[in-house]
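Presented below is the structure to which this report refers.
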Amino acid sequence: MPLILICTGLARRLNLGRFLKRIQMIDHIRGLLISALARNGFTYNDSIQVERPKQESFGHYTTNLALALAKTLRQPPLEIAQKIIKALPETELIERAEVKAPGFINFFLCPKVLQKAVTEVLSIGADYGRLNVGKNQRVQVEFVSANPTGPLTVGHGRQAVLGDTLARILEWVGYQVDREYYYNDAGRQMRILGHSVYWRYRQLLGWTGEFPEDHYQGEYIVEIARKVMQEHGDALQEDPENKVFRIVAEEAIFEDIKNTLKRLDIVFDYFYNEKSLYENGQVNDVLTRLKAIGASYEKDGAIWFRAGQYGGSDDRVLWKSVVDEATYRLPDIAYHVTKFERGYDLVIDIFGADHHATYPDVLAGLQALGYDTARVRTLIHQFVTLIRSGEKVKMSTRKATYITLDELIDDVGRDVARYFFLMRGMKSHLNFDLDLAKTESEENPVFYLQYAHARICSILRNAALKKLNYERDCDLTLLKEEETLSLLNTIMEFREIIVICLSTLEPQHLTTYLQKIATTFHKFYTIHRVISDDQELTRARLALVKAVQIVLANGLTLLGITAPQRM
RNA sequence: GCCCCGAUAGCUCAAGUGGAUAGAGCAUCUGCCUUCUAAGCAGGUGGUUGCAGGUUCGAGUCCUGCUCGGGGUACCA
C-alpha cells in the first residue's frame, strides 16, 4: 500500500522525536536513562519514551523503558526498573525517581526546576513557547478553497479556522507560511452561477417565467442581478451566456467571502484560480509529461491515467471524450505541480470529508511525475452538522438552505466561533447546536479561559496601583505549595503541547491544554492570595501569575482568540 | 458491492506513537463570596469505551467479523 508508505514517510518528516529534543527536560531524562542502561549493560535500540503521566501523582515525567525491556531481557519489569533507577546518574534537576507497578519509572522534578520556569517565561515573554524547528522552511497551507458560488457556510468555517490556526502554529515555530485559497472559476458550477444571475436579472426586468430549480436560489443572486441591471440596463436581456453575469457574481461573492474571513481574523496570501492553469499551459504540460513517460493512454476516445501503477486504485480519466475538456483531476495535479515549482518544503492540504477520494489520484499523479509526495500532507476533516431547534439543518448552497458563517459570527462572535471549531478533533463529526451556542454563550468554555486571563490582569493592575515590583530579584523558592507547584508544572508543559500540535497537526491539543492551565490557575487563585501583607511572597506570586498570563495570552493568540484585560 | 471517518457518562466531546484508577464541559444534587473578578472553587450522582472474537505483560487505541451513522466510490468538483 503506497499510501501507507507515504503516510509513514510523512510521520518521519514530522518526527516527534526530533522535536522532543527541543524539550530540555525530556532530553535530560532520556540522557540519564541512557547512562543507566549502559551501566547495567542493557541495550535498547528504540527511542526511549519519556512522557507526561496522566496523573500528577505519578510524577512530572514517566518512562515505560523497563516494561519495554522486559521481553528481550527476560527479566521481570519491576526488577529491571529497580536496576535502572539505581544506576541513574546524580542530577540536581530530579528530586527523586520511583518505580511503580507494573514497571513504570516516575520522575519528580526539584521545585527549583519548576520555579525557574517563571524566570524563563518572564524573560522571553510574548515569545515564550516558540521553537525554531521550521528554520524558515516554506510551508503552504491550502484551505477553504470554496468556489465563489455563494456565501461561506458554517461548514466552511471549520476548515477556515482549522487551516488558519495550523498556519499560526507553523509560523510560531519558525516556518514561513503562505495561506492559499484555490478556486475553480472555469467549471460547470460557475456557469450555473452566471445563469442564475441572468434569470434573476430577467425577472427584475419583468420576466415572469419560473426560476430554474437547479440554479442558485439565494437572495444574494438577486442583489447581484440588480447590480448588473444598474450597470447594463436591459442590454443583456437576450444574452444569457454573457460573461458579465458570472464575473460580477464572482467579484461580489469573493468580496463577501473575504469579509467574512476577515471577521475571523483570517487573511489569505494567495488566491489561486484554476483558469490560470489552462491559460499558462500548465494543464497541457502535465498531460504531455504524463504521456511522455507512459503514465497515460487513450481508450474509447478519452485519455486515461494509470493511477494503479502509482499508488492509486483504478485508472482514471484525465480528458473526457464526451465533451472536449479535462476532468477535475488533471488541473488538480497541475495545481499541485505548481506548489512544487514554487519551492515549498511542505504542503498542507485541508479538505472536507467529501473530497477524500480525490487526493490519492493527485498524489499518484505527482508521484508519476517524479515529485516527492512526502512533502504533501493531506488533512481531512469531518463535516459540521448544524442543529437548530433540536433538528439537523441540511445544508445546500444551491438551495440556499444554509446558515452562513456571517450569521454565526453575528450570533456568537469571533472568539466563540473560532474556539468551537477548534475544540473538537477534526476527525470527529462536529455537532454545532446553534441555539446552545447563542443562549449559552455566557457559559462557554472560551470564557472560562479568557476569564483566567482577565483575572490575572486585574491582579496585576492592583499590584501596579500599589507600586509592587516583582520583575527582578524575587525569591521564587517561596513558590512551594501543592497548587503552586502544579501551576508551575503546567506552565512548563506549554512547549511540549506545541510539539504535540506540530507532530499531529491538530490544534485541538492546545485548546485542551489551555483549559487545563486555566483550571490549575483558578484552583490556585481560590486557595492562595496573591497580594498580601507578606511582601516577598507577594512579589513571588505576582511573578508566577504574570507567567501564567503570558502563557495564556500566547496560547490564545495562537488560536486567534482575544485575551481580554477585563471581563 | 467496495473504500474512508466515526460510535466513549443523560447530552457535546478528550485521552500525542498500545501503558497505571478512561477524563472534561453541559445538565443534575450539596456546600463556599466582610478578602486580588463567584464568568470561580470543592464535593456527589453518572461507564460492560456499539457488539463478538483475536494479538500481549497491558487494548478506548492494533487485527478480523458484524451493527448503526456520516462521506465517497462518475468522462461531477
Side-chain angles (χ1 to χ4, degrees), chain A residues 11 15-17 20 46-47 49 51-55 57-58 62 64 67-68 70-71 76-77 100-104 106 145 147 184 187-189 274 300-304 313-314 316-323 325-329 331-332 352-358 360 380-383 385 387 423-433 436 440 442-445 447-452 454-463 466 496-497 499-504 506 508-509 511-512 515-516 518-519 521-527 529-532 538 541-542 545 566-567:
Chain A
N15 188 301
L16 186 54
L20 283 176
D46 292 334
S47 85
Q49 286 182 29
E51 52 191 12
R52 290 279 182 174
K54 276 183 188 167
Q55 293 176 54
S57 63
F58 292 141
T62 187
N64 65 349
L67 290 160
K71 196 163 208 175
K100 271 279 169 76
F104 293 100
N106 299 332
S145 295
N147 286 340
N184 168 349
R188 189 168 146 269
Q189 282 184 54
E274 182 189 15
D300 306 328
I303 300 174
W304 294 70
S313 44
D314 300 319
R316 305 289 189 188
V317 170
L318 291 173
W319 199 274
K320 305 172 191 176
S321 62
V322 290
V323 196
E325 63 180 26
T327 64
Y328 63 87
R329 287 183 196 91
D332 273 5
D354 56 338
H355 279 66
H356 88 264
T358 72
I380 310 283
H381 67 88
Q382 298 300 309
F383 282 177
T385 306
I387 312 280
M423 66 196 278
R424 307 301 182 208
M426 70 179 95
K427 277 184 297 185
S428 73
H429 300 105
L430 177 59
N431 273 329
F432 206 119
D433 190 323
L436 209 70
E440 294 206 331
E442 292 290 308
E443 300 263 324
N444 231 291
F447 290 103
Y448 181 80
L449 285 186
Q450 293 180 314
Y451 185 56
R455 260 185 160 175
I456 295 172
C457 290
S458 177
I459 296 172
L460 295 175
R461 276 194 301 272
N462 288 330
K466 296 184 178 178
E496 294 162 37
I497 297 301
V499 168
I500 289 172
C501 286
L502 259 186
S503 68
T504 58
E506 289 185 10
Q508 181 217 352
H509 295 289
T511 63
T512 310
Q515 284 294 327
K516 180 180 171 186
T519 300
F521 166 73
H522 284 309
K523 279 181 187 170
F524 163 84
Y525 177 93
T526 309
I527 297 172
R529 231 191 123 70
V530 176
I531 300 174
S532 66
T538 297
R541 285 184 177 164
L542 281 171
V545 298
R566 49 183 99 222
M567 284 173 75

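Residue numbering restarts at 1 for every chain, and letters A, B, ... go by the order of the sequence lines.
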I'd like to know if the side chain of [X] and the backbone of [Y] have a donor-acceptor N/O pair within less than 3.5 Å.
| X | Y | result |
| --- | --- | --- |
| A:Thr519 | A:Gln515 | yes |
| A:Arg329 | A:Val317 | yes |
| A:Arg424 | A:His429 | no |
| A:Asn184 | A:Glu274 | no |
| A:Thr538 | A:Ser532 | yes |

Within the 4.0 Å heavy-atom criterion, would you say [X] contacts the bases, only the backbone, or no part of the nucleic acid?
| X | result |
| --- | --- |
| A:Gly352 | nothing |
| A:Ala70 | nothing |
| A:His429 | base |
| A:Lys100 | base |
| A:Ala452 | nothing |
| A:Thr62 | base |
| A:Ile497 | nothing |
| A:Ser458 | base |
| A:Asn431 | sugar-phosphate |

Within the structure, does a side-chain N or O atom of [X] lie under 4.0 Å from either OP1 or OP2 of [N]?
| X | N | answer |
| --- | --- | --- |
| A:Ser428 | B:A14 | yes |
| A:Tyr525 | B:A42 | no |
| A:Gln508 | B:A15 | yes |
| A:Asn444 | B:C26 | no |
| A:Lys71 | B:U56 | no |
| A:Lys516 | B:A14 | no |
| A:Arg316 | B:U73 | no |

Can you tell me how far [atom1] in [N] sits from the matching atom in [M], rounded to whole Å?
| N | M | atom1 | result |
| --- | --- | --- | --- |
| B:U48 | B:C2 | P | 32 Å |
| B:C62 | B:U49 | C1' | 16 Å |
| B:G25 | B:A14 | P | 16 Å |

[X] side-chain proximity, nearest of [options]:
| X | options | value |
| --- | --- | --- |
| A:Asn184 | B:A77, B:U37, B:U12 | B:A77 |
| A:Phe447 | B:A77, B:A39, B:U37 | B:A39 |
| A:Arg455 | B:A20, B:G40, B:C75 | B:G40 |

Polar side-chain contact [X]-[N] base: donor and acceptor under 3.5 Å:
| X | N | answer |
| --- | --- | --- |
| A:Asp354 | B:G71 | no |
| A:His356 | B:G72 | no |
| A:Thr358 | B:A77 | no |
| A:Ser321 | B:C75 | yes |
| A:Asp314 | B:A74 | no |

A correct dot-bracket answer for RNA chain B, with pairs being Watson-Crick or G-U at under 3.5 Å, [ ] for crossing pairs and | for inter-strand pairs, is (((((((..((((.....[...)))).(((((.......))))).....(((((..]....))))))))))))....
Can you find a pair of side-chain heavy atoms, one from A:Leu449 and one from A:Phe521, that are under 4.5 Å apart? no
A:Lys54 NZ to B:U21 C1', in whole Å, measures 9 Å
A:Arg424 atom CZ is separated from B:G70 atom C1', nearest whole Å, by 17 Å
With syn defined as a glycosidic angle within 90 degrees of 0 and anti as anything else, the base of B:C63 is anti
Decide, applying a 5.5 Å centre-distance limit and a 30° plane-angle limit (both strict), whether [X] stacks on [N].
| X | N | answer |
| --- | --- | --- |
| A:Phe383 | B:G71 | no |
| A:Phe58 | B:A20 | yes |
| A:Tyr328 | B:A77 | no |

Spacing of [X] atom [atom1] and [Y] atom [atom2] [to the nearest 0.5 Å]:
| X | Y | atom1 | atom2 | result |
| --- | --- | --- | --- | --- |
| A:Thr62 | A:Gln49 | OG1 | CD | 10.0 Å |
| A:Ile531 | A:Lys466 | CD1 | NZ | 5.5 Å |
| A:Tyr525 | A:Ile459 | OH | CD1 | 5.5 Å |
| A:His522 | A:Tyr451 | NE2 | OH | 7.0 Å |

